[in-house]
Visitor: 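One structure, pasted below without further comment.
Both counts, for ligands and for their atoms, begin at 1 and track the order of listing. Heavy atoms only: backbone and side chains are in, while hydrogens, waters and symmetry mates are out.
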Amino acid sequence: MKTHQIQKINTKLVSLLDANRVHYDAATCHVYGYDNSRGHALPSFVLFPKHHDEIVNILTLCSAEEIPVLARGLGTNTVGASIPIHGGIVLSFEHFANIIKIDPDNRLIKVQPGVTNLAVQQAVGAHGFLWGPDPGSAAFCTVGGNLACNAAGARALKYGSTRDNTLALTAVTGTGATIHTGSQTSKNASGYDLTRLLVGSEGTLAIFTEATLKLTPKPTHSITIRACYQDVHAATTAITQLLAQATTPSTLEFLDARAVSLIQVHSELQIPKQSGAMLLMTIEGDAHSIRSLADQVAAAATVTGTIEVLLAKDDAQAAQFWQVRKALSPALRRLAPNKINEDVVVPVSELASFLEFCQQLVENHPVLLVCFGHAGNGNIHVNLLFDARIAAEAAAAKHCLTQIFEKVIEIGGCLSGEHGIGLAKKPFMHLQYSETEIAIMKGIKRVFDPKNILNPGKIF
Ligand SMILES: Cc1cc2nc3c(=O)[nH]c(=O)nc-3n(C[C@H](O)[C@H](O)[C@H](O)COP(=O)(O)OP(=O)(O)OC[C@H]3O[C@@H](n4cnc5c(N)ncnc54)[C@H](O)[C@@H]3O)c2cc1C
C-alpha cells in the first residue's frame with residue numbers, strides 16, 4: 001500500500017477500533033508477517049479486534065476498498081497459511097480470547113477464536129470433559145487456527161479432528177455479512193453443512209468470531225503401551241491387527257528405524273538395541289476395565305517380529321515413554337539444518353509399502369528421511385532432512401517431495417491430514433483434485449468472498 005493510502009485507510013480504521021489497536025509501524029508489521037513455515041511477507045496494518053461488530057465493520061470496509069485480510073491466531077501453522085503474501089490487513093485474535101460459556105449438560109463450550117487449545121482443555125477438564133483436537137502445539141495455538149486448519153493430533157484416532165468436534169460457528173464473510181452455521185445440538189440434518197465446509201478453509205471463506213465446540217467425557221484411567229519391533233513390516237502388521245479388534249487404543253503412534261535410533265543416541269531412554277520400529281499407544285477406560293483392556297491391546301500388538309511390549313507401570317513411566325516422541329523434533333535438528341515436514345495420509349493397509357517406497361527413494365538421493373506419526377489414521381509425518389545451502393541437496397529434497405506426494409495419491413491417500421494446504425502444498429493440489437473439483441472449490445470461494453479479499457493466494 002502507498003503512504004497516502006495507508007493514511008487514508010488508517011483514518012477509517014481508527015474510526016472502527018481504538019487507535020491503540022490499529023498498528024502500521026514497521027516493527028509490528030514485521031512480527032506479524034511470518035508463521036511457522038518460516039516464510040515472511042509484510043502486511044500494511046495489524047489490527048487487534050475484540051468484538052464481532054468490529055470484524056463486520058472492518059470486512060465491510062475492506063470489501064469496499066478491496067484490501068486483503070488475513071485472520072491470524074498465533075502463527076504456528078506449518079504451511080504458510082498465515083503469511084500475508086498480498087499485504088493488506090492482519091487481524092490478530094490475541095484480544096478476542098474469551099470463554100463465553102461452558103454447558104456440561106449439553107456437552108459443549110462456546111468460545112471466541114483467540115482462546116488457546118490448552119485453555120479450552122483446562123476449562124472443560126475441570127468439568128470432566130475434553131475437546132477432541134490435541135495438537136502438539138496446544139499451549140500456543142488458537143481455536144481459530146485449529147478450526148481453519150482442521151487441526152488434530154495423536155488422539156484423533158478415537159476422538160477425530162476439529163471438524164468432527166465443532167457444532168456451530170459464527171463467522172463473517174468477505175462481504176461483511178454475519179452467518180451462523182450448525183446448531184447447538186449433537187444431531188442436525190437441516191440443509192447443507194456449512195460448519196464442516198468452513199472448518200479447514202484456512203481463513204479463505206469467512207472469519208470466525210465464535211465457535212461452539214463438542215465435548216467428550218474424559219476417561220478416568222489410561223495406560224500407555226510401548227511396543228518395539230524388528231522392522232516396519234512387523235509394526236504395520238501389528239497396526240492392522242490392533243485396528244481390527246473391538247478394543248482399539250485412543251492413540252497409536254509410529255516411529256521408524258531412524259527415529260528410534262535418534263532417540264537411542266540423544267536420550268537416556270532404554271530401548272532394545274535391535275528395534276527397527278516402535279509403536280506408542282494409549283488405552284483408556286475406568287478403574288475396573290483398564291487393565292484388561294490394556295492386556296487385550298498388548299496381545300493384539302504382539303505379532304511375529306515383536307521384540308517387546310511394555311505396559312507403563314505408572315504415570316511417570318508413561319510420561320517417559322511419551323518423552324521419546326517429544327524428543328524427536330529437537331533431535332532432527334541435529335541431523336541437518338533444513339527440514340521439510342509433511343503430514344500425508346495413506347490407507348493403513350498401504351503403510352508398510354509406502355514407508356518402504358520412501359526409504360528406497362531417498363537411498364538414491366543426498367537427503368535423509370525420518371518418518372513418524374499418527375499411524376492409526378495412516379497420517380505419517382514424512383521428514384526430509386537436507387542442507388539448503390547445497391544446491392544438489394535442495395533439488396533432491398524437492399524431487400523426493402514430489403515423488404512422495406504422487407505416490408500418496410496413487411495409493412488412495414491425501415496431501416494433508418492435519419496441517420492444511422496453505423502455500424506449501426498449493427502446487428500439489430492438482431494431484432489430489434481434478435480441474436472440475438478445483439473449479440467447484442473456487443466457485444464456493446466466490447460465493448463467500450466475491451472480491452477475493454480473504455487470505456488470497458492460499459490453497460489454490
Ligand atoms: C511445535 C508444533 C506442534 C504442532 N503440532 C500439531 C499437531 O499435532 N497437530 C496439528 O494439527 N497441528 C500441529 N501444529 C500446527 C499448528 O499448531 C496448527 O495448524 C494450529 O491449528 C494453528 O493455530 P494458530 O493459532 O497458530 O493459527 P495460525 O497459524 O495463526 O493460522 C492458521 C490458519 O488459521 C486461520 N485463522 C486463524 N484464526 C482465524 C479466525 N478467527 N477465522 C478464520 N481463520 C482463522 C489463518 O488465517 C490461517 O489460515 C503444530 C505446530 C507446532 C509449531
Side-chain angles (χ1 to χ4, degrees), residues 32-39 43 49 52 55 58-59 68-85 88-97 111-120 132-156 160-163 166 169-174 198-211 251 253 325-326 328-330 332-333 339 341-343 345 372-374 377 379 381 416-424 426 448-449 454-459:
Y32 286 82
Y34 75 92
D35 68 16
N36 191 46
S37 70
R38 300 189 179 186
H52 172 89
I55 308 263
I58 292 165
L59 286 179
V69 185
L70 172 75
R72 184 188 157 96
L74 289 172
T76 66
N77 85 87
T78 59
V79 294
S82 52
I83 298 175
I85 52 168
I89 289 175
V90 166
L91 291 181
S92 171
F93 279 79
E94 281 156 271
H95 302 312
F96 208 125
V111 298
Q112 291 182 335
V115 176
T116 64
N117 181 298
L118 181 66
V120 170
D134 65 332
S137 49
F140 43 87
C141 69
T142 64
V143 168
N146 295 171
L147 291 163
C149 294
N150 191 22
R155 68 184 183 204
S161 302
T162 300
R163 193 171 273 140
T166 306
L169 294 166
T170 300
V172 185
T173 70
L198 292 186
V199 175
S201 63
E202 299 184 19
T204 64
L205 297 182
I207 292 187
F208 310 125
T209 57
E210 191 177 293
T251 68
E253 296 288 292
R325 176 74 166 80
K326 288 184 185 149
L328 260 181
S329 285
L332 288 182
R333 299 259 171 234
K339 173 177 87 164
N341 169 10
E342 292 306 343
D343 69 318
V345 191
F372 54 86
H374 319 306
N377 293 107
N379 184 196
H381 292 293
S416 172
E418 55 183 20
H419 289 170
I421 300 297
L423 294 171
K426 177 172 140 170
F448 280 86
D449 180 27
L454 294 179
N455 206 2
K458 307 296 163 61
I459 306 181

Visitor: Hey, is A151 touching ligand 1 through its side chain, its backbone, both or neither, going by heavy atoms under 4.0 Å?
Guide: both

Visitor: Among all protein non-hydrogen atoms, which one is nearest to atom 41 (N) of ligand 1, and what is the separation to 0.1 Å?
Guide: F208 O, 3.3 Å

Visitor: What part of L70, side chain, backbone, both or neither, has a heavy atom within less than 4.0 angstrom of ligand 1?
Guide: side chain

Visitor: Please check whether A148 reaches ligand 1 - meaning an N/O of the residue sits under 3.5 Å from an N/O of the ligand, judged on distance alone.
Guide: no

Visitor: Apply side-chain contact (heavy atoms from CB on, under 4.5 Å) to residues K458 and L70 and explain how you reach the verdict.
Guide: CA-CA 11 Å; K458 307 296 163 61; L70 172 75; 4.3 Å; yes

Visitor: Indicate, as side chain, backbone, both or neither, the part of N36 found under 4.0 angstrom from ligand 1 when only non-hydrogen atoms are considered.
Guide: side chain

Visitor: For N455, which part has a heavy atom under 4.0 Å from ligand 1: side chain, backbone, both, or neither?
Guide: side chain

Visitor: List for me each residue that meets side-chain contact (heavy atoms from CB on, under 4.5 Å) alongside Q112, sequence neighbours excluded, and say none if there are none.
Guide: F96, N98, I100

Visitor: Taking distance alone, with N or O pairs closer than 3.5 Å, would you say T142 contacts ligand 1?
Guide: yes

Visitor: So which pairs with a foot in residues 68-85 pass side chain to side chain donor-acceptor pair (under 3.5 Å), sequence neighbours left out?
Guide: D35-N77, D35-S82, N77-S82, T78-H419

Visitor: For ligand 1 and E202, I'd like to know whether there is a polar contact (N/O to N/O, distance under 3.5 Å).
Guide: yes

Visitor: Just to confirm my output: which protein heavy-atom neighbour is closest to atom 51 (C) of ligand 1, and how far is it?
Guide: T76 O, 3.4 Å

Visitor: Would you check the N or O atoms of R72, main chain and side chain alike, for any that come under 3.5 Å of an N or O of ligand 1?
Guide: no

Visitor: F93 versus ligand 1: do any nitrogen or oxygen atoms come within less than 3.5 Å of each other?
Guide: no

